[in-house]
Number of protein chains: 2
Amino acid sequence: MSHKLLTFFKTHVMARLLCNAVQRNCLTKNVTTSSCRKVKEEVSKLLALKAQLVTEDAGPQKFTLKTPKGTRDYNPQQMTIRNNVLDKIITVFRRHGAECIDTPVFELKDVLTGKYGEDSKLIYDLKDQGGEILSLRYDLTVPLARYLAMNKITTLKRYHIAKVYRRDNPAMTRGRYREFYQCDFDIAGVYDPMVPDAECLKVVTEILEALDIGQYILKVNHRRLLDGMFEACGVPADKFRTTCSTVDKLDKSPWEEVRTEMINEKGVSPDAADRIGEYVRLNGSTELVEKLLKDEKLSKVKAALEGVEAIKTLLQYCELFGIKDKILFDLSLARGLDYYTGVIYEAVLTQPIKIGNEEQTVGSIAGGGRYDNLVGMFDSKNKQVPCVGVSIGVERIFSVLEAKLAAGDITVRTSDIDVYVASAQKNFLEERMKICAELWDAGIKTEQSYKKNPKMLNQLQHCEENKIPLAVVLGDSELKRGVVKIRNITTREEDEVPRNDLVQEIKKRIDNLNLNQLNGAT
Amino acid sequence: MSHKLLTFFKTHVMARLLCNAVQRNCLTKNVTTSSCRKVKEEVSKLLALKAQLVTEDAGPQKFTLKTPKGTRDYNPQQMTIRNNVLDKIITVFRRHGAECIDTPVFELKDVLTGKYGEDSKLIYDLKDQGGEILSLRYDLTVPLARYLAMNKITTLKRYHIAKVYRRDNPAMTRGRYREFYQCDFDIAGVYDPMVPDAECLKVVTEILEALDIGQYILKVNHRRLLDGMFEACGVPADKFRTTCSTVDKLDKSPWEEVRTEMINEKGVSPDAADRIGEYVRLNGSTELVEKLLKDEKLSKVKAALEGVEAIKTLLQYCELFGIKDKILFDLSLARGLDYYTGVIYEAVLTQPIKIGNEEQTVGSIAGGGRYDNLVGMFDSKNKQVPCVGVSIGVERIFSVLEAKLAAGDITVRTSDIDVYVASAQKNFLEERMKICAELWDAGIKTEQSYKKNPKMLNQLQHCEENKIPLAVVLGDSELKRGVVKIRNITTREEDEVPRNDLVQEIKKRIDNLNLNQLNGAT
């Protein structure tokens with residue numbers, strides 16, 4: 001042990017010396033401070049690594065049994081909830097004719113570089129193990145753009161449901177994770193203005209109605225209008241994107257804080273910030289469109305007018321789709337990502353959701369917009385494929401439904417077995433196996449105990465706990481008479497059917513049960 | 001440019017000096033060579049990083065547009081095939097009462113360490129970005145064991161369908177990838193011998209029947225029998241696992257090669273190898289069980305007898321399940337992974353599959369076995385949860401079906417739109433939008449052109465290409481009379497229905513189409 005400590009201290013001292021040497025080198029040799037910082041970071045990582053090695057040597061490997069930070073398992077109940085939600089979403093996507101694609105969980109790092117602005121630091125990189133440099137996908141939009149460019153596809157309406165990865169510090173209790181599902185619907189192709197854009201909003205309303213999770217609004221805005229507004233307020237063009245990122249924080253921070261950041265961190269003049277402040281508090285519908293078209297400052301800026309005209313068309317189409325009452329034109333909506341070029345949207349639940357005796361606020365539940373220049377970034381000739389799309393943030397929905405489950409507000413069935421093959425006496429394993437095989441081969445969802453001689457009580461209890469509607473009960477006297485008993489688990493009624501008619505009889509009863517359930521549900 | 005070059009050379013020289021300094025430090029300060037190597041590696045990485053920065057400054061970033069090595073995208077046709085296959089597999093899993101779980105795509109590296117023997121080198125590690133050390137999952141079995149131990153679950157019948165990751169050098173044309181799907185079915189719990197084990201085999205037969213991809217056999221063997229056989233042949237106990245790995249190569253290499261590896265690389269004596277050679281060429285059914293029970297050498301070894309008795313029971317249960325004719329008891333089956341402790345199995349297609357005018361050999365398509373000691377590796381008190389399971393290798397099935405698609409042997413429909421809303425004249429976008437919304441709100445799968453004034457021919461062509469059965473065709477004269485035309489795309493028949501009855505009429509026709517299709521299919 002003393003030898004190990006000695007080695008550790010020697011290494012430590014060596015690394016310190018090295019670090020100092022690096023600093024001196026940096027100062028004397030006129031190297032950029034950023035590369036100097038990098039070397040220092042690497043050295044301190046090595047120190048940490050060495051410390052770890054020493055700890056490992058000291059005894060058997062120990063670690064806490066857990067999933068990685070920001071990730072989770074799904075147990076069967078949670079999976080049932082998740083699959084129900086995803087099924088409803090897929091139904092809507094397919095109702096609109098979307099096709100399904102899938103891409104790898106990781107991409108060449110170069111594919112992701114320069115697409116996410118300030119958020120790029122949240123990308124998970126894979127270790128360089130020789131070969132290509134890879135990163136986990138951060139969203140499903142950039143992989144879609146890569147897919148379109150790589151395959152030279154110019155029109156596609158697709159959905160993609162998959163996990164994405166962000167090294168964030170999420171509040172997991174509120175349904176925010178480092179590994180989480182996105183459900184994306186996108187329309188790529190050169191079309192007439194706002195036609196696919198309006199359909200994306202229609203898709204979101206249909207999904208939120210299908211999920212039945214309370215009242216919501218769909219906020220819309222336009223990147224051209226934001227740019228035009230910044231121009232009209234006197235922000236220099238090179239500060240549009242970064243000012244936009246700051247406006248995006250309005251959903252979480254009060255205007256005063258956002259204003260301070262704009263002035264102190266982004267270098268926007270106090271006057272310009274105050275003018276922006278006037279605009280971003282505006283929201284409404286058609287009447288706001290008319291007001292902005294006549295606005296003294298905005299009406300002089302081409303981009304602003306284009307943006308407002310686009311929103312006017314969008315609102316008109318939303319009216320035709322019967323969803324205009326859900327739309328809020330909101331000048332404070334900015335969206336964080338760099339790649340949006342046109343309309344942007346965000347769906348927000350407007351009521352807290354009641355769970356047991358408590359209420360939970362969910363907030364933003366879907367977002368998206370138009371990104372006409374992303375595919376071109378992957379094309380050697382910069383050939384563009386205009387795209388618009390929306391992403392449903394299902395984790396928050398899962399989290400609400402799981403809380404409801406925990407509070408006893410909802411129940412789920414995790415398996416859909418129809419028949420349990422039980423035996424009332426010992427030594428019936430072989431007969432049970434034969435009957436199970438017959439039922440399985442007839443496509444009937446069947447289960448039995450894996451014990452040779454299970455207790456009758458345990459078998460029936462299993463049926464009740466798992467809401468299995470029917471049991472086949474085997475007994476000596478019945479088998480001798482060539483019959484078996486069928487038990488209705490709910491009513492506890494039993495009756496005998498000929499052994500040879502068993503499959504047919506079971507099928508009939510399952511059909512009846514399903515019919516009753518259907519009638520009961522309508 | 002010259003300034004950039006200058007900066008690059010300065011950095012280069014600095015890093016070289018640093019590297020030399022590290023070497024000197026290492027020599028003079030008596031530091032372990034491994035930590036010295038690590039520092040040098042880090043320094044050379046920094047150099048590479050700096051070089052990259054300079055390159056980036058020098059011009060626009062260029063890279064080949066591709067998916068990472070060993071991975072692929074799925075286009076809509078491939079996704080349709082994939083989802084059809086997975087649906088069939090899920091149907092069988094659920095028919096046997098399996099519940100669904102999911103785990104994160106990455107695990108703490110410690111969770112995977114020491115579970116895969118020689119294959120551990122194929123694990124994808126994530127880069128250390130501060131925080132936990134993570135790796136991508138290599139299979140779904142180890143995450144299941146971690147899940148059971150972490151949640152102290154002692155009984156579970158679950159399925160898990162997800163992608164796993166292996167840094168292999170795969171033959172992608174034959175359906176082998178670095179990112180690929182596994183479909184796992186496992187039964188955890190203390191039960192009577194071979195009852196759940198036999199059900200796993202039944203599940204595999206039902207899946208292969210449902211997929212209808214030709215004749216197959218299920219090879220079975222037992223790890224206790226293999227161990228007993230090695231003992232009987234004179235292999236020392238500490239060489240059982242490594243000898244087993246060598247036997248596993250018999251499906252790809254002839255006995256002579258395997259024998260050479262055993263002797264030269266694994267240190268098995270030539271005599272012992274020859275004795276093993278006698279056994280591993282044996283395969284059969286119940287008669288082989290009887291022969292081995294009487295075998296002079298094996299019958300003296302407890303492990304061997306236990307293994308053979310277990311296979312005897314398994315064959316008996318397979319007979320009750322009606323699948324005994326598919327089972328081949330094969331002493332050359334060894335399976336690569338370390339964690340198996342009991343029965344092992346592998347499903348193999350015995351016929352090449354005809355694709356166009358060519359034939360493709362698929363080979364192994366599912367595998368699994370019993371692993372009674374894996375969960376205990378994660379429990380602080382080493383508490384065991386015995387498990388048995390099977391994994392379906394769907395990528396090879398996808399690959400065969402995709403080849404059939406490419407050869408024109410099968411066709412798939414990638415969207416299931418029932419109605420296309422078209423217009424025969426200009427300026428019908430608004431009316432089309434209203435009708436689409438009505439149909440969507442009635443749950444009808446509907447599409448329209450995203451162009452304001454699409455050409456009639458293009459609209460009808462879209463319907464034919466996408467096999468959309470019905471079109472609503474709008475025209476001035478009809479709308480004035482309060483009617484719309486419904487067109488049957490296949491028969492090209494058109495008739496008029498009142499505009500107000502449209503939704504109802506469309507629903508009726510879709511029901512009829514579905515009914516006809518059902519009758520046509522039976």
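Since we're looking at a predicted model, the values are computed, not measured.
Using a 4.5 Å cut-off on side-chain heavy atoms (C-beta onward), Leu156(A) and Leu144(A) make contact. Annotation: side chain of His462(B) is in contact with side chain of Glu447(B) (closest heavy-atom distance under 4.5 Å). By the 4.5 Å heavy-atom criterion applied to side chains, Tyr191(B) and Ser449(A) are not counted as neighbours. Annotation: side chain of Leu126(B) is not in contact with side chain of Lys127(A) (no heavy-atom distance under 4.5 Å). Looking only at side-chain heavy atoms (C-beta outward), Arg158(A) and Tyr147(A) stay at 4.5 Å or farther from each other. Within the 4.5 Å cutoff, the side chain of Val92(B) has no heavy atoms near those of the Trp440(A) side chain.
Of the N and O atoms on the side chains of Glu430(B) and Gln316(A), at least one donor lies less than 3.5 Å from an acceptor on the other residue.
Proximity to chain A is limited to the side chain of Ile417(B), based on heavy atoms less than 4.5 angstrom apart. Heavy-atom distances place no part of Glu319(B) under 4.5 Å from chain A, backbone and side chain included. Residue Ile444(A) touches chain B through its backbone alone, counting heavy-atom pairs closer than 4.5 Å. With a threshold of 4.5 angstrom between heavy atoms, Asp418(B) does not approach chain A through any atom at all. Heavy atoms closer than 4.5 Å to chain A are found in the side chain of Leu134(B), but not in its backbone. For Glu199(A), the part lying near chain B is the side chain, with the backbone staying farther off; criterion is any non-hydrogen pair under 4.5 Å. Using a 4.5 Å cut-off between heavy atoms, Leu439(A) does not touch chain B at all. With a 4.5 angstrom heavy-atom cutoff, Ile153(B) does not touch chain A via any of its atoms. In this structure, chain A has a heavy atom under 4.5 Å from the side chain of Leu429(B), while its backbone stays farther away. Of the two parts of Val190(B), only the backbone, made up of N, CA, C and O, holds a non-hydrogen atom closer than 4.5 Å to a non-hydrogen atom of chain A. Contact of Lys451(B) with chain A is made through backbone and side chain together, with heavy-atom distances under 4.5 Å. Only the side chain of Glu132(B) comes within contact range of chain A, with heavy atoms under 4.5 Å apart. Of the atoms belonging to Ile123(A), it is backbone heavy atoms, and not side-chain ones, that fall under 4.5 Å from chain B. Of the atoms belonging to Ala149(B), heavy atoms from both backbone and side chain fall under 4.5 Å from chain A.
Among the candidates Glu206(B), Glu438(B), Gln448(B), Met194(B), the residue making the largest number of heavy-atom pairs closer than 4.5 Å to chain A is Glu206(B). Per-residue counts of heavy-atom pairs under 4.5 Å with chain A were compared for Leu320(B), Ile468(B), Asn75(B), Asp441(B); the largest is that of Leu320(B). With chain B as partner, the option from Gln78(A), Glu431(A), Lys157(A) having the largest number of non-hydrogen pairs under 4.5 angstrom is Lys157(A). Heavy-atom pairs under 4.5 Å with chain B were tallied for Met433(A), Lys452(A), Glu209(A); the largest tally goes to Met433(A). Counting heavy-atom pairs under 4.5 Å between each of Asn453(A), Asp416(A), Asn151(A) and chain B puts Asp416(A) at the top. Per-residue counts of heavy-atom pairs under 4.5 Å with chain A were compared for Thr103(B), Asp125(B), Asp379(B), Asn83(B); the largest is that of Asp125(B). Looking only at heavy-atom pairs under 4.5 Å with chain B, the residue among Ala98(A), Ala437(A), Cys100(A), Ser415(A) that has the most is Cys100(A). Contact count versus chain B (heavy atoms, under 4.5 Å) is highest, among Ile187(A), Ile323(A), Thr80(A), for Ile187(A). Ranked by non-hydrogen atom pairs under 4.5 Å with chain B, the options Arg82(A), Lys434(A), Arg94(A) are led by Arg94(A). Ranked by non-hydrogen atom pairs under 4.5 Å with chain A, the options Pro454(B), Gly443(B), Pro193(B) are led by Gly443(B).
A cation-pi arrangement is absent between Arg95(A) and Phe93(A), since the terminal nitrogen or guanidinium carbon is not both under 6.0 Å from the aromatic centre and inside a 45° cone about the axis. Under a cutoff of 6.0 Å and an axis angle of 45°, Arg167(A) and Tyr165(A) do not form a cation-pi pair. Both tests do not hold together for Arg146(A) against Phe378(A): distance to the six-membered ring centre under 6.0 Å, angle to the ring axis within 45°.
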Stepwise side-chain hydrogen bond (donor to acceptor under 3.5 Å, both in side chains) test for Thr67(A) and Asp73(A):
CA-CA 7 Å; Thr67(A) 59; Asp73(A) 295 320; 5.5 Å; no
Begin from the C-alpha positions of Leu136(B) and Glu179(B) and carry the test side chain to side chain contact (heavy atoms under 4.5 Å, CB included) through to its verdict.
CA-CA 10 Å; Leu136(B) 296 186; Glu179(B) 174 186 60; over 6 Å; no
Does Thr414(B) form a side-chain hydrogen bond (donor to acceptor under 3.5 Å, both in side chains) with Gln77(B)? I'd like the steps, not just the answer.
CA-CA 6 Å; Thr414(B) 55; Gln77(B) 290 196 313; over 6 Å; no
Please determine whether salt bridge (Lys or Arg N to Asp or Glu O under 4.0 Å) holds for the pair Lys163(A) and Asp102(B), giving the CA-CA distance in whole Å, both sets of side-chain angles, and the decisive distance to 0.1 Å.
CA-CA 12 Å; Lys163(A) 288 176 179 173; Asp102(B) 194 19; 2.8 Å; yes
